[in-house]
Engineer: 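Please read through the structure below; I'll follow up with questions.
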Amino acid sequence: MNLRAIELRRVCLPLVSAFRTPLGTESVREALLVRVESDDGEGWGECVAGSDPLYCSEYVEAAWLTLRRYLGPKLLGAPDLTATAVQPLLREFKGHRMAKAALEMAVLDAQLRVAGVSFSTFLGGVTGAVTPGVAVGIMSSVEELLDSVSEYLDAGYRRVKLKIQPGWDLVPVEEVRDHFGDDLMLQVDANSAYGRADVVHLAQLDQFSLLLIEQPLDEEDLIGHAQLARSIATPVCLDESIVSAQSAATAISLGACSVVNIKAGRVGGYLEAREVHDVCASRNVPVWCGGMLETGLGRAANLALASLPGFTLPGDVSATARYFREDITPPFLLRNGTIAVPTGPGLGVEVLRPVLDALTAQSETITRADH
Ligand code: NPG
């Protein structure tokens with residue numbers, strides 16, 4: 001396809017409840033959406049960078065500038081563009097994986113809509129419904145946490161991920177385990193809140209039969225994660241440390257993790273995410289789909305990714321109601337403990353234009369003529 005225009009939109013979606021993690025508290029999800037326009041139709045992408053550079057170095061304003069100044073113009077000038085050509089074309093620009101992933105997602109959506117193929121089919125999905133988990137933030141009291149977990153279990157979730165940090169770890173985990181019993185699939189996520197000196201402390205989590213502990217140490221500390229993995233029984237899972245299929249292979253070889261969280265934005269797109277999946281599958285490392293509080297667009301793509309065979313653990317791909325009262329697509333529903341993977345062409349979801357327009361804080365269109 002030949003791109004005619006790329007539209008950037010910054011949308012602000014209020015969360016149903018504030019989400020507190022070791023990185024900060026979010027009560028409104030700011031998202032950067034990308035719409036590509038070609039002679040054959042349009043496609044949508046979502047950049048999962050946050051409002052501030054707290055999860056990683058990318059953030060919405062910087063991604064916008066990068067897309068407008070470098071990445072967008074490069075694709076607008078490319079003849080016969082396909083999704084597989086996006087990353088090679090953008091390789092000269094270092095980093096900015098989330099911005100690149102959004103563009104690739106939009107091109108892939110446009111391409112698959114024309115071809116009449118769903119994201120899931122294209123990626124190699126093998127299931128029509130995925131079992132979601134739910135991520136539960138840090139609360140101001142254990143009582144509040146138990147209430148929150150209880151509501152999610154009532155809603156049908158069977159796997160819970162608790163955010164932990166020093167001062168909010170052993171006690172809340174023990175209380176949740178005691179209160180809800182051994183059948184609850186329970187895991188924890190530290191977003192790098194601990195250091196190598198905390199190994200003995202973290203080993204105490206072993207008594208709670210957790211599925212895994214996610215990203216306990218600094219993202220660059222693979223050796224520290226390998227040492228930790230040898231010292232504790234709880235499986236170590238990496239999130240922030242895994243930025244490509246190559247870094248996944250390295251981390252696994254070093255023994256830094258035995259489980260991987262895959263987020264397409266973090267690794268530069270859904271095609272690279274599939275590579276990470278393949279690398280992990282070839283080493284018998286289970287994976288699950290991470291979440292970045294996506295709108296319905298990113299959620300549709302994540303459900304497709306999570307339908308691949310190596311995604312054997314429930315992911316952070318919860319139903320829309322867990323996040324937003326109103327989304328820019330029709331809601332994804334939890335039914336009998338699962339969420340359906342979209343089957344329509346491309347992302348398989350349509351944007352609700354009036355809602356999108358009402359939630360849009362900023363927009364800009366770049367065209368070939370501009371460059
Ligand atoms: O269900 O989308 C979700 C949220 C899952 O905890 C979650 N995401 O560290 O993985 C994370 C965390 C996150 C969310 C990080 C937003 C950064 C931004």
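Start at 1 and go down the list; that is how both ligands and their atoms are numbered.
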Engineer: Is any side-chain heavy atom of Cys280 closer than 4.5 Å to a side-chain heavy atom of Val276?
Structural biologist: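 Yes - at least one pair of side-chain heavy atoms lies under 4.5 Å apart.
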Engineer: Please determine if Ser318 has a nitrogen or oxygen closer than 3.5 Å to a nitrogen or oxygen of ligand 1.
Structural biologist: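 It does not: no N or O of Ser318 is found under 3.5 Å from an N or O of ligand 1.
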Engineer: Look at atom CD of Glu92 and say whether more than 12 heavy atoms of other residues, nucleotides or ligands are closer to it than 6.0 Å.
Structural biologist: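 Counting other residues, nucleotides and ligands, CD of Glu92 exceeds 12 neighbours.
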Engineer: Is the number of heavy atoms from other residues, nucleotides or ligands within 6.0 Å of CD (Glu61) greater than 12?
Structural biologist: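 Check fails, neighbour count at 12 or below.
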Engineer: A side-chain contact here means heavy atoms from C-beta on lying under 4.5 Å apart; do Pro314 and Arg158 qualify?
Structural biologist: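 Contact flag for Pro314/Arg158 side chains = no.
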Engineer: So which protein heavy atom does atom 7 (C) of ligand 1 come closest to, and at what separation?
Structural biologist: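 Result for atom 7 (C) of ligand 1: Gly291 O, 3.7 Å.
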Engineer: Could you tell me the residue and atom name of the protein heavy atom closest to atom 9 (O) of ligand 1, and the distance to it rounded to 0.1 Å?
Structural biologist: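 For atom 9 (O) of ligand 1, the nearest protein heavy atom is Asn191 ND2, 2.7 Å.
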Engineer: Strictly under 4.0 Å, does any heavy atom of Lys161 approach an atom of ligand 1?
Structural biologist: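 Lys161 counts as a contact of ligand 1 under the 4.0 Å cut-off.
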Engineer: Which atoms of ligand 1 have any heavy atom of Asp189 under 4.0 Å away?
Structural biologist: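 Once the distances to Asp189 are compared, the set is 9 (O), 10 (O), 11 (C).
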Engineer: Consider every N or O of Tyr323 and every N or O of ligand 1, then say whether any pair is closer than 3.5 Å.
Structural biologist: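 Yes, at least one N or O pair falls under 3.5 Å.
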Engineer: Tell me, do Leu308 and Leu123 make a side-chain contact under 4.5 Å, heavy atoms counted?
Structural biologist: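 They are in side-chain contact.
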Engineer: Is there side-chain contact between Lys263 and Met98, with at least one heavy-atom pair below 4.5 Å?
Structural biologist: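 They are not in side-chain contact.
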Engineer: To which protein heavy atom is atom 15 (C) of ligand 1 closest, and what is the distance rounded to 0.1 Å?
Structural biologist: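 Ranking protein heavy atoms by distance from atom 15 (C) of ligand 1, first comes Tyr55 CD1, 3.6 Å.
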Engineer: Would you check whether Phe19 has a nitrogen or oxygen atom less than 3.5 angstrom from a nitrogen or oxygen atom of ligand 1?
Structural biologist: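 Phe19 vs ligand 1: no N/O contact under 3.5 Å.
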Engineer: Looking only at protein heavy atoms, which one is nearest to atom 10 (O) of ligand 1, and how far off is it?
Structural biologist: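 Looking only at protein heavy atoms, the one closest to atom 10 (O) of ligand 1 is Lys263 NZ, 2.8 Å.
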Engineer: Should the heavy atoms of other residues, nucleotides or ligands under 6.0 Å from CZ of Phe324 be counted, would the total exceed 12?
Structural biologist: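 For Phe324, atom CZ is crowded (more than 12 foreign heavy atoms under 6.0 Å).
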Engineer: Should we say atom CG of Asp154 is surrounded by more than 12 heavy atoms from elsewhere, each under 6.0 Å from it?
Structural biologist: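 Count over threshold, so yes.
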Engineer: Starting from atom 2 (O) of ligand 1, locate the nearest protein heavy atom and write down its residue, its atom name and how far away it is, to 0.1 Å.
Structural biologist: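 The closest one turns out to be Leu293 N, 2.8 Å.
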Engineer: Among Arg299, Lys163, Arg159, whose salt bridge (Lys or Arg N to Asp or Glu O under 4.0 Å) with Asp316 holds?
Structural biologist: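 Among the candidates, only Arg159 passes.
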Engineer: Which ligand 1 atoms, with their elements, are less than 4.0 angstrom from a heavy-atom of Ala135?
Structural biologist: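 Once the distances to Ala135 are compared, the set is 5 (C), 6 (O).
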Engineer: In terms of residue, atom name and distance, what is the protein heavy atom nearest to atom 11 (C) of ligand 1?
Structural biologist: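 The closest heavy atom on the protein side is Lys163 NZ, 3.2 Å.
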Engineer: Assess Asp239 for proximity to ligand 1: is some non-hydrogen atom of it under 4.0 Å away?
Structural biologist: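 A heavy atom of Asp239 does come that close to ligand 1.
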